[in-house]
Amino acid sequence: KTDPGVDLESFVDEVTSLYPPKVAKKRRAHMVVRKDGDPGLAQQIEANTRTVPGIITQRGCCYAGCKGVVIGPYGDMVHIVHGPVGCSFYAWLTRRNQFRARGEAGKNYLSYCFTTDMQDEDIIFGGEKKLAQAIREAAAIFRPEAISVHATCPVGLIGDDIQAVARELSKETGIPVMAFNCEGYKGVSQSAGHHIANNKIFDMALGTREREAGRFSVNVLGEYNIGGDAYEIERVLEKCGIEVVATFSGNSVYEDMCTAHSANLNLVMCHRSINYLAEMMETKFGIPWMKVNFIGMRSMSQSLRKIARYFDDAALTARIESVIAEEEARAETALAAYMPGLEGKTAMLFVGGSRAHHYMHLMRDLGMEPLVAGFEFAHRDDYEGRRVIPTIRVDADSKNIEELKVTADPERYRPRLDPAYREQLEREGLLSSYEGMWDDMGEGTLVIDDVSHVEIEKLIHRMNPDIICSGIKDKYVIEKFGVPCKQLHNYDYSGPYAGYEGAVNFARDVYAMIHSPAWKLTRSPFDTGPTLTAGLND
Ligand code: CFN
Ligand code: HCA
């Protein structure tokens, strides 16, 4: 049992009483005080609903989820943003998805910023011609492997048919052009964008090229190579003798998207952003999927053991065990210097749709205590566990998204496992199932979905955590209260944090933050008096 130092139920009442009654009622449903012994079935949380206007949220938009997160990392593609310049410029290189160009051509366009820069005239008379010209120029100048087009809000409002333009220009240029109707206003967060991106990848690219893959071949789904995480994951998998066919989408090229159906197992890291693709690949190609977590030393080892169990091969299992023993021993030696300074430190995590959960495991490896946690835009199943709600059917934002009708492809569907063995693995909870965040949060912890700035402020005042893990929109608000804030989106430009070497990097960075004398020296202007003044002439 965790001791947060306050009565959590009265804390929730106190926080929600800051809002007008109707808003308070809504926010109350997004907060759950965990009860001990509850396996996640009795308690419920509200999630994936529209943020109440006026509340300061950390969420992003549909365009962020599609272009920024899922499609943007493909390095040998040109990604064109169709819209006014701001959407492209302000999203330019803001995510730390690393990429190493491959092959002789070594194509890499990630440092560029491509936009149609729509003007008044295009909004009034339509922007299709301008988009066609932009694609033509990008194709002629760069000869990328493929081109993506991302619609921002005004494009949806004026009704440009970007799908028709993409089809026409694919024919004209001979380069695949994928158009995404990911206008920012769709859905309630970036989650809608993940769905739109996955559908198009599946529809246009997956299974269009062939590749020979070995018996122990996997795809890593939902790993975006932030801070180089995918490099560490690949290093360990390769050392174990496991072949990585494709990573969606970290350090990836277009070819990977097309040939991923040749792998024998899908490993799902970030379930929130990519469960759609995992399900569709299983239906069409017969590739089973399992949930893994490569964040945290013990989680990494546990995930490797799940893979060993799936492939059921004595030599592979022995090799995996020897890698685990060697890597854990090396990491533990390096961690010894930091552990005494981290043990017992309290933390709060408010990140995206999977990291707030994944990083709890790493913190516990280091002896730290996560007191409060929540996602920005995850769905109920990410909290409560997949067994409670099949995720695709409850996707509240799917009303904006055309669902793909997926059936088995008789040409290429081949069951990768003997059906009886598959069933056994499913019963053991290894395949197509996973636990939600709060299976890992016991009594004395609080779960808050889509946390707001004012709620964070209250949490700091009442619980005074040693560190908060969050993102750029609240990092400096938190630090002005004298609490260090570790960004778990871009790792504050550090990383990798995944796997064994990542655990050591994380421990080093968090140790340095927590033990910096700076926090005791800060004096916020709002500690000494009100900072906002307004007069009639202001
Ligand atoms: S890289 Fe992923 S891991 S894809 Fe998702 S839910 Fe975002 S961009 Mo920021 S860091 Fe974050 Fe996750 Fe999956 Fe990243 S926790 S919010 S949309 N996310
Ligand atoms: C996004 C991308 C983001 C933002 C990070 C943050 C990322 O949602 O638009 O809020 O710090 O990881 O880059 O999640």
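Residue numbers run from 1 in the order of the sequence given. All ligand and atom numbering here is 1-based and tracks the order in the structure.
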Are the aromatic rings of F481 and H461 close, with centres under 6.0 Å apart?
-> yes

At a non-hydrogen distance cut-off of under 4.0 Å, which region of R95 contacts ligand 1 (side chain, backbone, both, or neither)?
-> side chain

side-chain contact (heavy atoms from CB on, under 4.5 Å) partners of N181, counting only residues at least two apart = I162, Q163, E183, K186

Checking R355 against Y497: charged group under 6.0 Å from the ring centre and within 45 degrees of the axis?
-> no

Which donor-acceptor pairs under 3.5 Å do the side chains of residues 62-76 make with protein atoms, sequence neighbours left out?
| from | atom 1 | to | atom 2 | distance (Å) |
| --- | --- | --- | --- | --- |
| Y63 | OH | C87 | O | 2.7 |
| D76 | OD1 | Y254 | N | 3.0 |

K107, NZ atom: more than 12 neighbouring heavy atoms under 6.0 Å | yes

What does the list of residues with a heavy atom under 4.0 Å from ligand 2 look like, ordered by chain and number?
-> A64, R95, Q190, G471, I472, K473, H489

Residues which pass ring pair (Phe, Tyr, Trp, His ring centres under 6.0 Å) with Y310, listed by chain and number, not counting sequence neighbours | none

Quick one: look at F377 and ligand 1, take heavy-atom pairs under 4.0 Å, and tell me if it's side chain, backbone, both or neither.
-> side chain

Region of H489 that comes within reach of ligand 1 [heavy atoms, distance under 4.0 Å] = both

Do the ring centers of Y359 and F506 come within less than 6.0 Å of each other?
-> yes

Should you measure from each heavy atom of H194, which atoms of ligand 1 turn up under 4.0 Å away?
-> 17 (S)

